[in-house]
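So the structure is just underneath, and the comments pick up after that.
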Amino acid sequence: MNDIREIRIDDFDYDLPDGKIAKHPLQQRDACKLLMRSAGGEVSTHIFNELPELLPDNAMLVYNNTRVINARLRFSKGGPGGASIEIFCLEPSRPSDYERCFASTESCDWVCFVGNSKRWKSGSLEMILNIGPEEVRLSAERVERMGNASIVRFSWNGGVSFSRIIEMAGEIPIPPYLNRSTEATDTTDYQTVFSHIEGSVAAPTAGLHFTEDLLARLDAGGIRRREVTLHVGAGTFQPVKTEDIGHHGMHSEFFAVSRQLINELSASDEKGYIVAVGTTSVRTLESLYHAGCLVYSGMWDGEVGQWYPYESNHPRLTVSQSMAALLEWLDRHGSDTFIGTTRLMIAPGYKYNVVKGMVTNFHQPRSTLLLLVCAMIGNDWKRVYEYALDQEYRFLSYGDACLFLS
């Protein structure tokens, strides 16, 4: 694992014609194709609604309950007809806690990307919103620049929450590789049926295939379902642009896991086969393990570093030992939820600790998500992706799904 940072991203490239990228989801979410790769390497085609019959009997399905916010706000500088300035909200800055920020009723600061930034050199931007009987004036002021992002202060009248403000003022930020504008249907299409914790700027797209009927069938089949939260950042869309992955900086993402699930995971080696729904759930569960190792070592500072799993000072605990350290931490702090951020890079050479299988979509060439898949199934990803392209699978966010078991 000493040379993991020298992995060349050219080895994770493949030809993805635009015609293979699904621009819209199927009308029936769980009717999409499901490519299954068994633990023995056998590849077969199924329909997604067959998932309850394909999972191991002792499976625990863990999915991300994050909800995509209307993160893209479009202002006109100087009023209607002025220069269009797009503000893309990434994560809260003041207050930094998501729940408190969404509950704010007068002002809050966000880390944002600003489109057409050169046309907004100073002053505030404004738009008028009609929320119920109130006419609400929303203002945006850039208070600080930080690299390619900015801190933007939003302020408004009317006593309504910021959650309600962006619901009315913004739009769902669909992935840029769809090469189209947001449509009204994306408001529902780009949310999972189990989303309820606001904060993501991108959907955990493997979860988009689930329906209420499918969830009921999973329950009836004895498959345990559990939730985690990871708020997906805009960095999830960014391909690796450096020659080797060692020079690619991973974006930081907020995650939260309940005491109840940590308790269950502490016995997962004996009592369950953990299948993560989506790469975001994979990163959450694996980050949770490494957070426990950091707590155990007295090194927890609130974030799992990008390369921590590969460092020589990692204690290499069992899952039970790591979860025990987290439970002790929760006891000391009087909390029932473990919260942190993660920059974890999962790449070939990584040893999965919690996750035994994953439900996921097909990912972009040269992406960290493809590296994560390769860490589980090795170079067999090439055969799997070639099979999917030959069999007319639909790729990326609104496309078809995979089930990988190890």
What pairs with Arg137 under salt bridge (charged side-chain N to carboxylate O under 4.0 Å, His left out), at least two apart in sequence or on another chain?
Glu126

Do the side chain of Asp13 and the main chain of Pro365 share a donor and acceptor less than 3.5 angstrom apart?
no

Not counting sequence neighbours, which residues clear salt bridge (charged side-chain N to carboxylate O under 4.0 Å, His left out) with Glu243? List them please.
Arg8

Among side-chain atoms of Thr185 and Tyr190, is any donor-acceptor pair under 3.5 angstrom?
no

Does Met250 offer a backbone N or O that forms a donor-acceptor pair with the side chain of Gln306 under 3.5 Å?
yes

Of the non-hydrogen atoms in Val282 and Ala276, which two are nearest, and what is the gap between them?
CG2-CB, 3.6 Å

Before accepting this row, confirm whether a basic side-chain N of the pair Lys33/Asp400 lies closer than 4.0 Å to the acidic partner's carboxylate O.
no

Between Asn353 and Lys351, is there a donor-acceptor pair closer than 3.5 Å when you use the side chain of the first and the backbone of the second?
yes

Between Leu35 and Val43, is any pair of side-chain heavy atoms under 4.5 Å apart?
yes

With salt bridge (charged side-chain N to carboxylate O under 4.0 Å, His left out) as the rule and sequence neighbours excluded, what pairs involving residues 287-312 come up?
Glu303-Arg343

If we ignore angles and hydrogens, is there a donor and acceptor under 3.5 Å between the side chains of Arg37 and Ser44?
no

Polar contact flag, side-chain donor to acceptor under 3.5 angstrom, Ser397-Thr205:
no

Run the salt bridge (charged side-chain N to carboxylate O under 4.0 Å, His left out) test against Arg383 and tell me which residues pass, sequence neighbours left out.
Asp380

Aromatic contact between Tyr296 and Trp329, with the criterion being ring centroids under 6.0 Å apart: yes or no?
no

Quick one: do Ile87 and Phe113 satisfy side-chain contact (heavy atoms from CB on, under 4.5 Å)? Show the steps, please.
CA-CA 6 Å; Ile87 298 178; Phe113 288 147; over 6 Å; no

Do Lys23 and Ile21 touch side chain to side chain, with heavy atoms closer than 4.5 Å?
yes

When the ring centroid of Phe75 is compared with that of Trp120, is the distance short of 6.0 Å?
no

Of the options Lys77, Arg119, Arg74, which is the one that meets Glu86 in a salt bridge (charged side-chain N to carboxylate O under 4.0 Å, His left out)?
Arg74

Pairs in or reaching into residues 177-186: which pass salt bridge (charged side-chain N to carboxylate O under 4.0 Å, His left out), with residues at least two apart or in two chains?
Arg180-Glu183, Arg180-Asp186

For Gly292 and Ala325, the nearest pair of non-hydrogen atoms, with its separation, is O-CB, 3.6 Å

Please check if the side chain of Ser104 supplies one atom and the backbone of Glu106 the other of a donor-acceptor pair under 3.5 Å.
no

With a 4.5 Å heavy-atom cut-off, do Thr279 and His363 have their side chains touching?
yes

Can a salt bridge be assigned to the pair Asp11 and Arg366 using a cut-off of 4.0 Å between side-chain N and carboxylate O?
no

Any salt bridge (charged side-chain N to carboxylate O under 4.0 Å, His left out) pairs touching residues 192-213, not counting sequence neighbours?
none

Please round to the nearest 0.5 Å and tell me the distance separating atom CD of Gln28 and atom CG of Asn49.
8.0 Å

Can you check whether Trp110 and Phe88 have ring centres sitting under 6.0 Å from each other?
no

Report, as yes or no, whether the 6.0 Å neighbourhood of atom NE2 on His247 holds more than 12 heavy atoms from other residues, nucleotides or ligands.
no

Value for SG (Cys293) from CH2 (Trp300), rounded to nearest 0.5 Å, stands at 11.5 Å

Please lay out, stage by stage, how Leu389 and Glu386 fare under the test side-chain contact (heavy atoms from CB on, under 4.5 Å).
CA-CA 5 Å; Leu389 288 166; Glu386 287 173 3; 5.6 Å; no

Can you sort out the partners of Tyr385 under ring-ring contact (aromatic ring centres under 6.0 Å, His included), two or more places apart, ordered by chain and number?
Tyr14, Phe362, Trp381, Phe395

State which residues pass salt bridge (charged side-chain N to carboxylate O under 4.0 Å, His left out) with Asp390; sequence neighbours excluded, sorted by chain then number.
none

State, with a plain yes or no, whether a side-chain heavy atom of Ile7 is found less than 4.5 Å away from one of Pro348.
yes

Would you find a donor on one side and an acceptor on the other, under 3.5 Å apart, between the side chain of Thr242 and the backbone of Asp244?
yes

Could you work out, with side-chain hydrogen bond (donor to acceptor under 3.5 Å, both in side chains) as the rule, every residue matching Thr211, not counting sequence neighbours?
Asp30

Would a distance-only check, ignoring hydrogens and angles, find a side-chain to backbone donor-acceptor pair under 3.5 Å from His314 to Arg316?
yes

Would you say that Ile151 contacts Arg142 through its side chain, given a criterion of any heavy-atom pair below 4.5 Å between the two side chains?
no

Any Ile172 side-chain heavy atom under 4.5 Å of Gln191 side chain:
yes

If we only count heavy atoms from C-beta on, is the Phe12 to Val240 side-chain gap below 4.5 Å?
no

Evaluate the side-chain contact (heavy atoms from CB on, under 4.5 Å) criterion for residues Ser287 and Thr284: first the C-alpha distance (whole Å), next the side-chain angles of each, then the deciding distance (0.1 Å), finally the verdict.
CA-CA 5 Å; Ser287 296; Thr284 303; 5.8 Å; no

Would you say Ser297's side chain and Met299's backbone share a donor-acceptor pair under 3.5 angstrom?
no

Near Glu53 CD, under 6.0 Å, is it more than 12 heavy atoms from other residues, nucleotides or ligands?
yes

Do Leu330 and Ile262 pass the side-chain contact (heavy atoms from CB on, under 4.5 Å) test, and can you show the C-alpha distance, the side-chain angles, and the key distance before you say yes or no?
CA-CA 10 Å; Leu330 290 174; Ile262 293 172; 4.0 Å; yes

Would the distance check show the side chain of His251 and the main-chain N or O of Gly249 forming a donor-acceptor pair, the cut-off being under 3.5 Å?
no

Can you check whether Leu326's main-chain N or O pairs, donor with acceptor, with Arg259's side chain at less than 3.5 Å?
no

Residues at least two apart in sequence or cross-chain that pass ring-ring contact (aromatic ring centres under 6.0 Å, His included) with Phe404, listed by chain then number, are none

Mind telling me whether His290 and Tyr350 have parallel, tilted or perpendicular rings, with 30° and 60° as the class edges?
perpendicular

Ser117 side-chain N/O to Val114 backbone N/O, donor-acceptor pair under 3.5 Å:
no

With sequence neighbours excluded, give me every salt bridge (charged side-chain N to carboxylate O under 4.0 Å, His left out) pair touching residues 277-294.
Glu253-Arg283

I'd like a table of donor-acceptor pairs (distance under 3.5 Å, sequence neighbours excluded) in which one partner is a side-chain atom from residues 61-69, with atom names and distances.
{"unit_1": "Tyr63", "atom_1": "OH", "unit_2": "Arg225", "atom_2": "NH1", "d": "2.9"}
{"unit_1": "Asn64", "atom_1": "OD1", "unit_2": "Thr66", "atom_2": "N", "d": "3.2"}
{"unit_1": "Asn64", "atom_1": "OD1", "unit_2": "Leu230", "atom_2": "N", "d": "3.0"}
{"unit_1": "Asn64", "atom_1": "ND2", "unit_2": "Leu230", "atom_2": "O", "d": "2.8"}
{"unit_1": "Asn64", "atom_1": "ND2", "unit_2": "Thr280", "atom_2": "OG1", "d": "3.1"}
{"unit_1": "Asn65", "atom_1": "OD1", "unit_2": "Thr229", "atom_2": "OG1", "d": "2.6"}
{"unit_1": "Asn65", "atom_1": "ND2", "unit_2": "Glu227", "atom_2": "OE1", "d": "2.8"}
{"unit_1": "Asn65", "atom_1": "ND2", "unit_2": "Thr229", "atom_2": "OG1", "d": "3.4"}
{"unit_1": "Thr66", "atom_1": "OG1", "unit_2": "Ser200", "atom_2": "OG", "d": "2.7"}
{"unit_1": "Thr66", "atom_1": "OG1", "unit_2": "His231", "atom_2": "ND1", "d": "2.8"}
{"unit_1": "Arg67", "atom_1": "NH1", "unit_2": "Ser195", "atom_2": "OG", "d": "2.7"}

